[in-house]
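Proteins get letters first, then strands, A, B, ... in listed order; numbering begins at 1 in each. Treat the numbers as computed from the prediction; the structure is a model and nothing was measured. Below, all heavy atoms of this structure are taken into account, side chains as well, without hydrogens, waters or symmetry copies.
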Amino acid sequence: MLPAEEQFRILADAAVEIVPEEEFRAKLERSVRTGTPLRVKLGCDPSRPDLHLGHAVVLHKLRQFQELGHQAILIIGDFTATIGDPSGRSATRPQLTLEETRQNAQTYVEQARKVLLPERLSVRFNSEWLEELRFRELLTIAAQCTVAQMLEREDFWLRYSRGEPIGLHEFLYPLAQAMDSVAIRADVELGGTDQRFNLLMGRHLQRFYGQEPQCLLLMPLLEGTDGVEKMSKSLGNYIALTDPPNEMFGKLMSIPDSLIVRYYRLAAFASEAEAQQLEQQLQQGQLHPRDAKAMVARKIVEWYYGPEAAERAAEEFDRVFRHRLLPSELPEHCFPGDVQELPLVDILVATGLVPSRSEARRQIQQGAVRVDGKPIQDAYARIELSDAHVIAVGKRRVVRIRRANHGTAG
RNA sequence: GGGCAGGUACCGAAGCGGUCAAACGGGGCAGACUGUAAAUCUGCUGGCGGAACGCCUUCGGAGGUUCGAAUCCUCCCCUGCCCA
């Protein structure tokens, strides 16, 4: 085991805050002295099965704990997801059934393993202890917190003062999550800065149950591809860990320049020194932002798919967007062999490039539709199907169409 | 339980008997510009329709009044506030 001070340096890296810092140092020191790994908790919400780069920030931190020999405990909030986490939300989350969340949890763990080490990882479902909780005990727990304290939480307060509904059960969410810390006797809990309140509640309840309170390690929230809001699935500004390399690369290239260094640091896991160097090169104009971004994008894709895939993704990106060539691989759509020609509008709908015929007409009239590279603005154009064609709507939606041979349907 | 204010398209928010598929903003999509972007400018943004102020579906739900309703009436459901 590395000396405590060294560990602290690694673990504090990129963290926004450690609460309380001295306690955390003390825990590390004791861990080294007694040879006991720390139990490090990360709770996750399986109501949304897709993990994205924002989650990876925290997952990577958990991995660092693993690398230092500590015990990672991933809590799958299958039970809490049935409450619906109100964190950072202005609206009540939809409640899922236990069944649904279990299914999500499956893929969730698989995705988390892309970042975590397989060893020193334990996965626990919080329904294990929350399901059994008696009403009497719930009362005891709930009595540990006042309504005023709950309302201190920014999102609750915001909704309250806006006159928006807050379900009573939502107040129970932080408590439930805190009970997880009690159940697994967490030494440290990781989370994004938006989780501060919930994690603090863990300390609170642990103390009540006579346990040594956990320390909090809060990581920054990564902005999404829009560059403004934090990355989240519901805002649609996320890059999923399961996005294929090309898509991941493409999305990364679409982030605003102002985020290059931040992504380098938080998503490509670059060190402080590396990040500073990059920032300097950008500021002094030694490095073109485009190249910097491509470098970062490559690093990130590499992390999930390896250097070869990253290389290919970068090349493909240049090919399609820089040089405006066709993608090397196009999805294909086959029309029945007996069809001679079709209105372009119908083709756009049939291939799924566009959701409705009205939309197809609009896109055509706006000059967004190209057939074999030639813009077509005639909404009534018909396309011969004897030869294969490449149909494009905008830059991103491209399909190759052809007719099936010898009248073979489909 | 009582009183009041609300429920409008993806979101926010106008509309309050016809000219409403519904102003405006955001978001999204597309075009121009670029470094792939971002920013900016422009257009589009329910469906069907070879055109149309044509038809269909939409303004919490169900009925009703009317030639005609998002707009009026009745009942119901949901939300917030105040009182109990």
Under 3.5 Å, is there an N or O donor on one side and an acceptor on the other linking the side chain of [X] and the base of [N]?
X: Arg159(A); N: rU79(B); result: no
X: Gln366(A); N: rG31(B); result: no
X: Asp257(A); N: rG35(B); result: yes

Considering only atom [atom1], compute the distance from [N] to [M] and round it to an integer number of Å.
N: rC55(B); M: rC20(B); atom1: P; answer: 15 Å
N: rG46(B); M: rC11(B); atom1: P; answer: 14 Å
N: rA30(B); M: rG80(B); atom1: C1'; answer: 40 Å
N: rC10(B); M: rC59(B); atom1: P; answer: 11 Å
N: rC56(B); M: rU19(B); atom1: P; answer: 14 Å

Closest nucleotide of RNA chain B for Leu252(A) versus for Gly163(A): which of these residues is on the 5' side?
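Residue closer to the 5' terminus by nearest nucleotide: Leu252(A).
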
Can you work out whether Thr225(A) or Arg382(A) has the more 5'-proximal nearest nucleotide on RNA chain B?
Thr225(A)

Base-pairing mate for [N] - Watson-Crick or G-U, with both contacts under 3.5 Å:
N: rA70(B); result: none
N: rG17(B); result: none
N: rC81(B); result: rG3(B)
N: rC24(B); result: rG12(B)
N: rG50(B); result: none

Tell me whether the rings of Phe269(A) and His60(A) are parallel (<30°), tilted (30 to 60°) or perpendicular (>60°).
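Correct class here is parallel.
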
Across the strands shown, which category fits [X] at heavy-atom distances under 4.0 angstrom: base, sugar-phosphate, nothing?
X: Arg319(A); value: nothing
X: Arg397(A); value: sugar-phosphate
X: Tyr160(A); value: sugar-phosphate
X: Ser254(A); value: base

Measure the shortest side-chain to side-chain distance between Ile347(A) and Val371(A) over non-hydrogen atoms and say whether it is less than 4.5 angstrom.
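A side-chain contact is absent here, since even the closest heavy-atom pair is not under 4.5 Å.
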
Counting C-beta onward and ignoring hydrogens, is there a side-chain heavy-atom pair between Leu138(A) and Leu172(A) closer than 4.5 Å?
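A side-chain contact under 4.5 Å exists here.
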
State plainly whether the residues Arg298(A) and Asp291(A) are in salt-bridge range, i.e. N to O under 4.0 Å.
no

Donor-acceptor contacts, no H, no angles, side chain residues 128-135 of chain A, under 3.5 Å, sequence neighbours left out:
{"from": "Glu128(A)", "atom 1": "OE1", "to": "Arg124(A)", "atom 2": "NE", "distance (Å)": "3.2"}
{"from": "Glu128(A)", "atom 1": "OE2", "to": "Arg124(A)", "atom 2": "NH2", "distance (Å)": "3.0"}
{"from": "Trp129(A)", "atom 1": "NE1", "to": "Asp180(A)", "atom 2": "OD1", "distance (Å)": "2.7"}

Select one nucleotide: of [options], the one nearest the side-chain heavy atoms of [X].
X: Pro165(A); options: rC29(B), rG50(B), rG80(B); answer: rG80(B)
X: Lys395(A); options: rG31(B), rG47(B), rG35(B); answer: rG31(B)
X: Glu359(A); options: rU36(B), rG47(B), rG50(B); answer: rG47(B)

Would you say rC48(B) has OP1 or OP2 under 4.0 Å from some side-chain N or O of Ser356(A)?
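Answer yes for this pair, as a side-chain N or O of Ser356(A) is under 4.0 Å from OP1 or OP2.
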
Any side-chain N or O of Arg361(A) below 4.0 angstrom from OP1/OP2 of rC44(B)?
no

Ile166(A) atom CD1 is separated from rG80(B) atom P, nearest whole Å, by 9 Å

Which donor-acceptor pairs under 3.5 Å do the side chains of residues 3-10 of chain A make with protein atoms, sequence neighbours left out?
{"from": "Glu5(A)", "atom 1": "OE1", "to": "Arg25(A)", "atom 2": "NH1", "distance (Å)": "3.0"}
{"from": "Glu5(A)", "atom 1": "OE2", "to": "Arg25(A)", "atom 2": "NH1", "distance (Å)": "3.0"}
{"from": "Glu6(A)", "atom 1": "OE2", "to": "Arg9(A)", "atom 2": "NH2", "distance (Å)": "3.2"}
{"from": "Gln7(A)", "atom 1": "OE1", "to": "His70(A)", "atom 2": "NE2", "distance (Å)": "2.7"}
{"from": "Gln7(A)", "atom 1": "NE2", "to": "Leu2(A)", "atom 2": "O", "distance (Å)": "3.0"}

